[in-house]
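Heads up: the structure comes next, in structure tokens.
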Amino acid sequence: MSNNEMPKAYEPGNIEKKWYPLWEERKYFHGSANKDKKPYSIVIPPPNVTGILTLGHVLNNTLQDILCRYHRMKGYEVSWFPGTDHAGIATEARVEKFLRKEENTGRDILGRDEFIRRVWEWKEKYGGTIIKQLRTLGSSCDWEKERFTMDAGLSDAVQKVFVELYNKGYIYRGQRMINWCPVAKSALSDEEVIYRDVPGKFYHFKYPLSDGSGFLVVATTRPETMFGDTAVAVNPEDERYKHLIGKTVNLPLCNRPIPIVGDQHADPTKGSGCVKITPAHDPNDFEVGKRHNLAIINIMNPDASLNDKCPEEFVGLDRFTARDLTVKRMEEAGLLIKIEDITHAVGYSERGEVPIETLVSYQWFCNMKELAKPAMEAVASGKIKFYPERWTKTYFHWMENIQDWCISRQIWWGHRIPAWYNRDNNDEIYVGPGKPDKPGRWEQEEDVLDTWFSSWLWPFSIMGWPEKTADLEYFYPTATLVTGPDIIFFWVARMIMAGCEFMKEIPFKNVYFTSIIRDEQGRKLSKSLGNSPDPLDVIDQYGADALRFSIIYIAPVGMDIKYSNEKCEIGRNFANKLWNACRFRRMQGDATLTFKALDTETLANLSDDEKWMLGKLDNLVESVQTYLKDFQFHSATHDIYELVWSEFCDWFIEAEKQPLRKGGTDKERAMKVLDYALYRILRVLHPFMPFITEELAHQMGFLGDDESIMFAEFPETDGLFAANREAIALADGKFDLVRAGRALKTNYNLADGRKVNFHLKAADDAKLAYLQANADSIIHLLNAAEVTISLADYDSAANGAAPSQLCDLGTIYLPLAGLIDVAEEKAKLEKQKAELEKWIAGTKAKLNNEKFVSKAPAQVVADTRSALAQNEEKLERTLSLLKDLG
RNA sequence: GGGCGAUUAGCUCAGUUGGUUAGAGCGUUUGCUUUACACGCAAAAUGUCGGGGGUUCGAGUCCCUCAUCGCCCACCA
């Protein structure tokens, strides 16, 4: 292959499109039980089946892919289990919307069976887009194992778990206070409620005593719920009201007498000390109601409009309309005392833009207390480690206060609860995998289970549980879970509980919590804000490798990422740099084919620069492995970037141009070293940038057509760092010296291309020998005409002025004679010095004049001050240059 | 109310167990068609490490405190 087949700039598009299908065809991603290898497995956090790829997924899946590819290269048998989640409420809403729009039909028209059939149809046709998109990112998922949370096998797992927990007494059906979403018309778990601080009003009402002896004052933020009031509570110790306990008030607008009860819940120090009690719509009131045996009056329809338990003119009104009308009627009745503006936290439905309702309803619950115990122990003992570790605190806080989990949902898309009611026998309940074979009219529960009730089984259900599969035996428990901290309760904690309960074994050893991606202004990425870039467009523009590398490169550890597309230039430019380093090597000749291990002769004859480069690279190999062990992906990319760009390209390639130019054995050796180093770099980089590394490894002739870098051994230490510490320090010193020399040139406005002479005064005998041995290299790197090296100071008396710079290896001098007219330069500087001194003196006087400072516009004063500072600096530089000139 | 995190260059962020002169990328300035790369090369400028106090020979790093911002949880008749 000749060099002109490598374009000047790296073009990722076709190369990425070429490799991925090849990898997949060759089943490189597939893992199966293999006794000769150690297993390494990861389960993907299943994206919603309705989902499309977002930057969050990009980050998350890039990290998983890095781990998988790294371990594959380390010789593990790797399987990354992919799949999607049926996402009950979200998908049902999505398909419902689709059907309304396209066919003007929906749930209510189609009926349960047909609707579910249509959801499946939609899923087959439009679902799983994200799974295809993950391929463009380079994700090395074991696609043969792709699962869906509603697959038959996973449904079996869900049923088995439900029945088992029911039989253990953990799952029960009961009438409890729950969160109700009026849009989904379903119950939600506590975790699905999002609290937002919103402006609201606090209404103070009079509730007249039934005996006409006066009234009590109650306050509420929810006037419309008063139709569900079944008591007013006062504190039994409250001297103002204790004599009223047992009497009644007339509930306004309904004229229904309700009792005054004495209860601790009423706090005498708050408001009037009287509390209206609405057991059906407030968690505290529900408890009060239980204590006093109060009626529970649900006043709402499923869509949160008021029902027929309310006065006629309110029936059917939306809750917010009803609120206004209630207040109006109370005011008309002279029962409104005042309205205060307040800010309070209101619970919103996770999906909808609407406030949830708390109301009492019959639902299925799972008692989590016992399940939580081993799960807490698993993290406390360190069997499961969290990265960053601080999330354990959040985990324990939630687990220690864990509440019963409301698992039933009043929707159709999901796992239907395996419970049957005997309509002939007072709704006797049977729970089991199928309809009971017992007499009676048995009807299955209409409700389905919370989506997370299948997700929490994912790490083992995806491997075939409850069947005893080879995958389960070999790959469980998985190695690392990579996910966002926002689902620590929804998913992570529950998976740990499920693993401990049903597998008697933790589901993963590490949990790595990713950052949340925000836009440049720090806002969350969202569709409605339009600030959410489409990763496919980004990949199109910059390449998948560039996106992967950049997003890891900019991800601060454990904090939010501020992302913008321009940041992908980091990865794109880096890929281009690497491409051109390889292109340069190709221009020197064909691969040496000895790169896999340097032969002893080459090792014995390494130049100082080569020792330096191979030593630094060896050090990188070690540090990247350490970083990956600690999930410090960001540090790993920074170190690789620095080594490739600054050390390999800026210094080493430049230095190697010398031996390459010389030819003969020098050139041969240099090419071998370049090959050896490049192949090590490509392999270290492969987990991060899979496409370009595969392409280059082949372009460079490091691999045959039937080979892949995916299975090349990840570089281990070759001992060249430990062996060359001294050589590394010396070369670092040499490069410092070169840098100082270049700076001297720039200071005197000598163009890069201009060949000048330098003098080096070595710091000691050893350094003298080193500098002399490296004279050619130094001349080359400085682009110098001639460099004299000795232990002697530069003789400025004899040879004219020469500014110098002190370095570790010695002092570098730039003789100016012949380059610039010293006398003329000196005169120019003296003139400049005088002008500056005059200006500075005048300006200082001006600034010391209080009248100027106090009366001149602030901007003028500030400008004067900054100009002064600038000129003072300029003067300093001038003085320093004058000193150099002698 | 409880918890967690952040505050370092114009911007985005590194800074490992305290240890020479606090770093990078982007941006800015200057100069470069140097036998890979302008998606490039060389050089340069820029910091009260949020404020205050303390521990220490030594603090960006540890402790206390205050301030601001963000997130999570709980509560709110």
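Lettering of chains follows the sequences in order, A, B, ..., and the numbering in each one begins at 1.
The CD1 atom of A:Ile487 sits 19 Å away from the P atom of B:C71 (whole-angstrom rounding). Atom NZ in A:Lys745 sits roughly 14 Å away from atom P in B:A44 (whole-Å rounding). Look at CH2 on A:Trp391: it is 11 Å from C1' on B:G3, rounded to the nearest Å. The interatomic distance linking A:Phe735 (CZ) with B:A43 (C1') rounds to 18 Å, in whole Å. Residue A:Leu782 contributes atom CG, which lies 18 Å from atom P of B:U34 at whole-angstrom precision. In this structure, the CG atom of A:Asn565 is 16 Å from the C1' atom of B:C39, given to the nearest Å. Note: CZ (A:Arg518) to P (B:C69) measures 16 Å, nearest angstrom. The interatomic distance linking A:Asn783 (CG) with B:U33 (P) rounds to 12 Å, in whole Å.
Among the protein residues, A:Arg742 comes within range of the sugar-phosphate backbone only, with heavy atoms under 4.0 Å from sugar or phosphate atoms but none that close to a base. Counting any heavy atom pair closer than 4.0 Å across all strands shown, A:Ser272 reaches no nucleic acid atom.
Aromatic pair A:Tyr512/A:Phe633: centroids less than 6.0 angstrom apart. Under the 6.0 Å cut-off for aromatic ring centres, A:Phe513 and A:Phe386 qualify, their centroids lying closer than that.
Residues A:Lys201 and A:Thr221 have side chains that never bring a donor and an acceptor to within less than 3.5 angstrom of each other. Residues A:Asn235 and A:Asp267 bring no donor and acceptor atom of their side chains to less than 3.5 Å of each other. Under 3.5 Å, the side chains of A:Thr278 and A:Asp229 contain a donor-acceptor pair of N or O atoms.
Nucleotides B:G47 and B:C37 place their C1' atoms 33 Å apart, quoted to the nearest Å. Separating the C1' atom of B:U33 from that of B:G40 is a span of 11 Å, rounded to the nearest Å. Taking atom P on both nucleotides, B:C63 is separated from B:U28 by 40 Å, rounded to a whole Å. Between B:U61 and B:A9, the distance separating the two P atoms is 15 Å to the nearest Å. Annotation: B:G23 and B:U34 have their P atoms spaced 32 Å apart (nearest Å). Going from the P atom of B:C26 to that of B:C41 covers 9 Å, rounded to whole Å. Comparing the P positions of B:C49 and B:C62 gives an interatomic distance of 16 Å, to the nearest angstrom. The same atom, P, is picked in B:A24 and in B:A45; the two are 12 Å apart, to the nearest Å.
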Q: Sugar-phosphate means primed atoms, P, OP1 and OP2; the rest is base. With that split, encode nucleotides 10-25 of chain B 5' to 3' as B, S or - using protein heavy atoms under 4.0 Å.
A: --SSS---------SS
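Counting only Watson-Crick and G-U wobble pairs whose two key distances fall under 3.5 Å, RNA chain B forms stems of three or more stacked pairs at B:1-7 with B:67-73, B:10-13 with B:23-26, B:28-32 with B:40-44, B:50-54 with B:62-66.
Between A:Tyr203 and A:Phe205, the ring planes are parallel. Angles under 30° get that label, and only those over 60° would be called perpendicular.
Taking each heavy atom of A:Gly543 and A:Pro12 in turn, the nearest pair found is CA-CG, 3.8 Å.
Taking the side chain to side chain donor-acceptor pair (under 3.5 Å) definition, one finds that A:Glu786 meets it with nothing, sequence neighbours left out. Evaluation of the salt bridge (Lys or Arg N to Asp or Glu O under 4.0 Å) rule for A:Asp545 yields no partner, not counting sequence neighbours.
A:Glu191 has a carboxylate O that lies under 4.0 Å from a charged side-chain N of A:Arg494, or vice versa, which qualifies the two as a salt bridge. Here A:Glu647 pairs with A:Lys616 in a salt bridge; the nearest charged N to carboxylate O distance falls below 4.0 Å.
The main-chain N or O of A:Val217 is found under 3.5 Å from a side-chain atom of A:Ser272 such that the two form a donor-acceptor pair. Formation of a donor-acceptor pair under 3.5 Å by the A:Glu389 side chain with backbone atoms of A:Lys385 is not found in this model.
Between A:Asn573 and A:Asp285, the one whose closest nucleotide on RNA chain B sits nearer the 5' end is A:Asn573.
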Pairwise N/O distances under 3.5 Å, protein to nucleotides 35-38 of chain B:
| unit_1 | atom_1 | unit_2 | atom_2 | d |
| --- | --- | --- | --- | --- |
| B:U35 | O4 | A:Arg661 | NE | 3.2 |
| B:U35 | O4 | A:Arg661 | NH1 | 2.6 |
| B:U35 | O4 | A:Arg661 | NH2 | 2.5 |
| B:A36 | O3' | A:Arg583 | NH1 | 3.2 |
| B:A36 | O2' | A:Asn580 | OD1 | 2.5 |
| B:A36 | O2' | A:Arg583 | NH1 | 2.6 |
| B:A36 | N6 | A:Cys649 | O | 3.2 |
| B:A36 | N6 | A:Glu654 | OE2 | 3.3 |
| B:A36 | N3 | A:Asn580 | O | 3.2 |
| B:C37 | O4' | A:Asn580 | OD1 | 2.8 |
| B:C37 | O4' | A:Asn580 | ND2 | 3.3 |
| B:C37 | O2' | A:Asn576 | OD1 | 3.0 |
| B:C37 | O2 | A:Lys577 | NZ | 2.7 |
| B:C37 | N3 | A:Lys577 | NZ | 2.8 |

Between the protein and nucleotides 74-76 of chain B, which nitrogen or oxygen pairs come in under 3.5 angstrom?
| unit_1 | atom_1 | unit_2 | atom_2 | d |
| --- | --- | --- | --- | --- |
| B:C76 | OP1 | A:Asn284 | ND2 | 2.1 |
| B:C76 | N4 | A:Ala345 | O | 3.1 |

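You'll find the side chain of A:Lys567 stays beyond 4.5 Å of the side chain of A:Glu569, heavy atoms only.
Within a 6.0 Å radius of NZ in A:Lys667, more than 12 heavy atoms belonging to other residues, nucleotides or ligands are found.
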